[in-house]
Amino acid sequence: MADRVRRKIRILFAASEAVPFAKTGGLGDVAGSLPRALKAAGAKVAVIVPKYGTIPEQYTDKMKHVADFYVPLSWRNVYCGIEKFTYQGVDFYFVDNEAYFKRDALYGYFDDGERFAFFSKAICEAIEKVPELECDVLHCNDWQTALAPIFLREFYQGSDVCRNVRTVFTIHNVKFQGQFSDKVLQEVLGLDGIPAAAGQLRSDGQSINYMKGALLYSDTISTVSPTYARELQMPFYGEGLDGIFRDRSWCLHGILNGIDTDAWNPETDKTVKAPFSADDLSGKAQDKAALQEELGLRVDPERPLVVMVGRLTNQKGLGLVRYGMERIMSNGVQMAILGTGDADQEEAFRYFDGKYGDMLTARIAFDGALAHRMYAAGDMLLMPSEFEPCGLAQMIAMRYGTLPVVRETGGLADSVIPYNKYTGEGTGFAFTNMNADEMTNCLLDACEVFWNDQDAWQQLQRQAMAVDFSWKRAAGDYLAMYHDLHPEIVQR
Ligand code: ADP
């Protein structure tokens, strides 16, 4: 083994989105808060993300130009600027190329395969060329950065700086794998001349699968909850990659995400009408009345207010909600839904909005401030996901004393303790099968407790609010994983 060195381990955290610069989902939250926790736990951390045209000016105005160079991408050489902005003590580096990233949205373009191949190659070039980005571990996340471990191994082993970089790849959602036509192998990636790379990137002989490549090339892989790490090894959840997850289960870690407990704090939240705490929940009642008023719902403390915040896609178990809706609504439950997503799902919830008048409101929008008010005001959060790698909404809800009603899958199973009416134990309610009646029964059981046993309900709220969902625990687990890859580095 190499000689021991006593210093901080250097982590470069690569992601396609990070709060507060760009966010479409949970990955943005993770990349916005895990690095800060890693730093607090004793690592030297930098984050690298694309410089999107949508990043607010308050940040872009303050970015400092650090370097520029050309990135080789098959037959092209593409301009890349590196800009830097330090946010809450963490150094964020932005990969600048206006042709690729100055657009209205983060994803969903015809050339996404090329845009994120560029991003992944730019990360490797930056490690080699920008001294402050030298690292011991490159931590990549989801398909948008999946090519970096592959490029690093195939093109950068001649570099003294890159040779000792170990790679971690984290799956935040296996549904999105980054699959593109076989043409990208030669035209964009320049890997067609390396049979081993081509073989590991091809998924069905037809298309190129970025995530599959990363799973085979990275030194270690992880995902965002222990249960999802087990589920990924099953055909139902593995989305065609379950065989690889089984083969590599020896280095597959499941580390439950945390949440940013400063940004999500009912005692200090500036976006809600009345802050509150576990000791004094009176503010929560005011927040509920204010939200009912704001959303045009009947202002009534006796109605259990069920909130849903999230992407309106099949993943989120919306089929169960749609099927169960008539029974739910006929029991006098109120619902408030906030989300955007698939056109047919949006349409269904707009229809419910019209049908149920002052008992249901669906806001088809992405609205961060309204999300805060909904988490604060709700009595329950409904999250009957088909699969859920980790899920943040249920943890945020618990922090605000809004009891989650979840299907026991992935991170939902790892973060919600189902109510036990005999012992009083629990932090929410849970059901097992993908069955609309089972979900509705579970939701109505929760309503029974709300209506008939307010003491038990408030005890559950206090238990949910007392759970520590901060990043501290996860950061310790990640740090241990990084050190396993570099046993010669001893934490200073
Ligand atoms: P996923 O990563 O699958 O989208 P998560 O529950 O892990 O789901 O994270 C979703 C995050 O995005 C949460 O912080 C949630 O509050 C937020 N979010 C999702 N949809 C919306 C929306 N329409 N408006 C505001 N925030 C949203």
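Counting convention: from 1, in listed order, for ligands and their atoms alike.
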Who's the nearest protein heavy-atom neighbour of atom 24 (N) of ligand 1, and how far?
Asp367 N, 3.0 Å
Output yes when the distance from some N or O of ligand 1 to some N or O of Ile396 is under 3.5 Å, and no in every other case.
no
In Å, rounded to the nearest 0.5 Å, how long is the span from CZ of Arg407 to CE of Met383?
12.0 Å
Does the pair Phe349 and Val321 meet the rule for a side chain to side chain contact (heavy atoms under 4.5 Å, CB included), with working shown?
CA-CA 10 Å; Phe349 283 96; Val321 181; 4.2 Å; yes
Describe, in one word, how the ring planes of Phe94 and Phe21 are oriented to each other, choosing from parallel (under 30°), tilted (30 to 60°) and perpendicular (over 60°).
perpendicular
What do you reckon, does Lys23 have a nitrogen or oxygen under 3.5 Å from a nitrogen or oxygen of ligand 1?
yes
Numbering as shown, the atoms of ligand 1 that approach Gly391 to under 4.0 Å (heavy-atom distance):
6 (O), 7 (O)
Report yes if some N/O of Leu392 lies less than 3.5 Å from some N/O of ligand 1; otherwise report no.
yes
Tell me if the centroids of the rings in Phe118 and Tyr100 come within less than 6.0 Å of each other.
yes
Under a 4.0 Å threshold between the charged nitrogen and the carboxylate oxygen, would Asp111 count as salt-bridged to Arg103?
yes
Would you sort out whether Asn141 and Phe13 count as a side chain to side chain contact (heavy atoms under 4.5 Å, CB included), showing the intermediate values?
CA-CA 8 Å; Asn141 294 277; Phe13 194 91; 3.4 Å; yes
May I ask you to identify, for Ala365, whether its side chain, its backbone, both or neither come under 4.0 Å of ligand 1 on a heavy-atom basis?
backbone
Atom 20 (N) of ligand 1: nearest protein contact (heavy atom, Å)
Gly310 CA, 3.5 Å
Examine the side chains of Glu326 and Tyr356 and answer whether a donor and an acceptor come within less than 3.5 Å of each other.
yes
Note the single closest protein heavy atom to atom 8 (O) of ligand 1, along with its residue, its atom name and the distance in Å.
Lys316 NZ, 3.2 Å
How far is atom 2 (O) of ligand 1 from the closest protein heavy atom, and which atom is that?
Gly26 N, 2.7 Å
Anything under 30° is parallel, anything over 60° is perpendicular, the rest tilted; go ahead and classify Trp143 against Phe116.
perpendicular
How close does the nearest protein non-hydrogen atom get to atom 21 (C) of ligand 1, and which residue and atom is it?
Phe366 CE1, 3.4 Å
Regarding Ser120 and Tyr210, do their side chains bring together a donor and an acceptor under 3.5 Å, going by distance alone?
no
Contact check: Gly368 vs ligand 1, nitrogen or oxygen atoms, below 3.5 angstrom
no
Do Phe85 and Phe92 make the cut of ring centroids closer than 6.0 angstrom?
no
I need the nearest protein heavy-atom contact for atom 4 (O) of ligand 1: residue, atom name and distance, please.
Arg311 NE, 2.8 Å
Between Arg350 and Asp353, does any side-chain N to carboxylate O distance fall below 4.0 Å?
no
At under 4.0 Å between heavy atoms, what of Thr24 touches ligand 1? The answer is neither
Nearest protein heavy atom with distance in Å, relative to atom 16 (O) of ligand 1:
Tyr375 OH, 2.7 Å
Is the backbone N or O of Lys51 less than 3.5 Å from a side-chain atom of Asp96, with the two atoms forming a donor-acceptor pair by type?
no
Please state which part of His172 comes within less than 4.0 Å of ligand 1, counting heavy atoms only: side chain, backbone, both or neither.
neither
Could you list which atoms of ligand 1 come closer than 4.0 Å to a heavy atom of Ala371?
25 (C), 26 (N)
Heavy atom of the protein closest to atom 11 (C) of ligand 1 (residue, atom name, distance)
Asp29 OD2, 3.6 Å
For ligand 1, which atoms, with element, lie under 4.0 Å from some heavy atom of Val309?
16 (O), 27 (C)
Within-shell test, Gln394 vs ligand 1, heavy atom, strictly < 4.0 Å:
no
